[in-house]
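Inspection log for the structure reproduced underneath, given as structure tokens.
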Amino acid sequence: MKTVVLDKKHHDRKGFNCGVEALNNYLKVMASQQGGKDNTRTFVLEDLGNNSTIIGYYTLTMIPLDLSALPIELQKKHSSAGSAGLIARLAVDKRYAGQGYGEWLLIDALHKLLQASDAVGFPLVIVDAKEGVSAFYQRFGFVPFQDSADKLFITIKEIRGSLS
Ligand SMILES: CC(C)(COP(=O)(O)OP(=O)(O)OC[C@H]1O[C@@H](n2cnc3c(N)ncnc32)[C@H](O)[C@@H]1OP(=O)(O)O)[C@@H](O)C(=O)NCCC(=O)NCCS
């Protein structure tokens with residue numbers, strides 16, 4: 001399996017339904033535009049039987065690092081860091097749910113972010129989880145921010161340790 005960059009001419013964005021309208025709409029309306037402007041990058045996993053069908057997708061970008069919401073030891077360690085990687089969105093179509101694709105997409109996204117950090121240096125990856133999905137990320141070592149249970153982080157050091 002391999003993710004590819006979303007191609008609006010090829011991928012069936014309208015057929016995608018993960019059950020969360022905001023995530024469906026982002027894929028339909030915004031993802032390709034934002035990618036064209038180099039603001040975000042959206043990767044999709046295609047169904048091998050019909051490669052225009054999207055099994056799932058994720059969107060990556062960078063955000064300013066708000067140190068104040070981190071545990072004190074990380075605040076000190078990363079006090080000169082300016083940015084963090086962000087998994088801005090991640091979703092699996094309902095037809096493919098519960099078959100391990102969400103986990104596979106998350107690991108694929110973390111591989112890409114680790115490579116990005118190896119190239120430019122940033123210390124954390126952050127995810128804004130939708131309500132009820134925080135536990136999905138915590139299974140992989142993400143930790144909720146002190147000020148918001150639905151916003152979680154993991155250090156690049158931990159990602160490197162678990163992926164290598
Ligand atoms: C959350 C989501 C990505 C999971 O995708 P999925 O392909 O169904 O999940 P997987 O089959 O890979 O599940 C992997 C493991 O995580 C668990 N898991 C799945 N969804 C979970 C959730 N919401 N909370 C806690 N654990 C969850 C599964 O039980 C499975 O555990 P197991 O290996 O012990 O059986 C998917 O349900 C989805 O797209 N939901 C709607 C969109 C959304 O809310 N996205 C998150 C926004 S940030």
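Computation of the quantities below employed the complete heavy-atom set of this structure, encompassing side-chain atoms and omitting hydrogens, waters and symmetry-equivalent molecules.
- Asp150 and Ser148 share no donor-acceptor pair across their side chains, judged by distance under 3.5 Å alone.
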Verify side chain to side chain contact (heavy atoms under 4.5 Å, CB included) between Gln34 and Thr61, making sure each step is shown before the conclusion. CA-CA 10 Å; Gln34 292 300 315; Thr61 188; over 6 Å; no

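- When the side chains of ILVMFWY residues are joined at heavy-atom separations under 4.5 Å, either directly or via intervening members, Leu67 and Val127 end up in two distinct hydrophobic clusters.
- With values rounded to the nearest 0.5 angstrom, Ser162 atom OG is found 7.5 Å from Leu110 atom CG.
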Assess whether side chain to side chain contact (heavy atoms under 4.5 Å, CB included) is satisfied between Lys76 and Glu73, documenting all intermediate values. CA-CA 5 Å; Lys76 284 184 189 155; Glu73 68 277 12; 5.9 Å; no

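- Residue Val29 is grouped with residue Leu27 when hydrophobic side chains (ILVMFWY) are merged at heavy-atom distances under 4.5 angstrom, including chains of intermediate members.
- If you take CD on Gln146 and CD1 on Ile72, they are separated by 8.5 Å, rounding to the nearest 0.5 Å.
- Smallest separation of non-hydrogen atoms from Tyr96 and Tyr101: O-CD1, 3.4 Å.
- For the atom pair Glu103 CD and Leu90 CG, the distance stands at 11.5 Å (nearest 0.5 Å).
- For the pair Tyr57/Leu45, no side-chain contact is recorded, criterion being any heavy-atom separation below 4.5 Å from C-beta on.
- A side-chain N or O of Thr3 and one of Asp108 form a donor-acceptor pair less than 3.5 Å apart.
- A donor atom on one side chain and an acceptor atom on the other are not found under 3.5 Å apart for Asn51 and His11.
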Show which side-chain atoms of residues 114-126 pair as donor or acceptor with protein atoms under 3.5 Å away, not counting sequence neighbours.
| unit_1 | atom_1 | unit_2 | atom_2 | d |
| --- | --- | --- | --- | --- |
| Ser117 | OG | Phe122 | N | 3.4 |
| Ser117 | OG | Phe122 | O | 2.8 |
| Asp118 | OD1 | Arg160 | NH2 | 2.9 |

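- Ion pairing of Arg95 with Asp93 is present here, as a side-chain N (NZ or NE/NH1/NH2) and a carboxylate O approach within less than 4.0 Å.
- In this model, a donor atom of one side chain and an acceptor atom of the other lie less than 3.5 Å apart for Ser134 and Gln138.
- Other residues, nucleotides and ligands place no more than 12 heavy atoms under 6.0 Å from the CD atom of Glu131.
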So Val44 and Val5, side chain to side chain contact (heavy atoms under 4.5 Å, CB included) or not? Walk me through it. CA-CA 6 Å; Val44 301; Val5 173; over 6 Å; no

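- The closest side-chain heavy-atom distance from His10 to Glu46 is below 4.5 Å.
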Do Tyr58 and Arg89 pass the side chain to side chain contact (heavy atoms under 4.5 Å, CB included) test, and can you show the C-alpha distance, the side-chain angles, and the key distance before you say yes or no? CA-CA 5 Å; Tyr58 59 78; Arg89 287 163 186 84; over 6 Å; no

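- Aromatic ring centres of Phe136 and Phe142: separated by at least 6.0 Å.
- The closest side-chain donor-acceptor pair between Thr42 and Thr59 falls under 3.5 angstrom.
- Once rounded to the nearest 0.5 Å, the distance linking NZ of Lys37 with OG of Ser32 reads 10.5 Å.
- Taking each heavy atom of Ala91 and Leu105 in turn, the nearest pair found is O-CD1, 4.0 Å.
- Within the 6.0 Å centre-distance limit, the rings of Phe153 and Phe145 are counted as a close aromatic pair.
- To the nearest 0.5 angstrom, Ile159 atom CD1 is 13.0 Å from Lys157 atom NZ.
- Atom NZ of Lys8 sits in a sparse spot, with 12 or fewer heavy atoms from other residues, nucleotides or ligands closer than 6.0 Å.
- Both Phe43 and Ile107 sit in one connected hydrophobic cluster of ILVMFWY residues. Membership requires side-chain heavy atoms under 4.5 Å apart, directly or through other members.
- Within the 4.5 Å cutoff, the side chain of Asn24 has heavy atoms near those of the Cys18 side chain.
- Placement of Val143 and Leu113 in two distinct hydrophobic clusters is found when ILVMFWY residues are connected by side-chain heavy-atom separations under 4.5 Å, directly or transitively.
- With sequence neighbours excluded, no residue forms a ring-ring contact (aromatic ring centres under 6.0 Å, His included) with Tyr26.
- Note on Ile55 and Trp104: same hydrophobic cluster, where clusters join Ile, Leu, Val, Met, Phe, Trp and Tyr whose side-chain heavy atoms are under 4.5 Å apart, directly or indirectly.
- Here the CD1-CG distance, from Ile87 to Leu60, works out to 6.5 Å after rounding to the nearest 0.5 Å.
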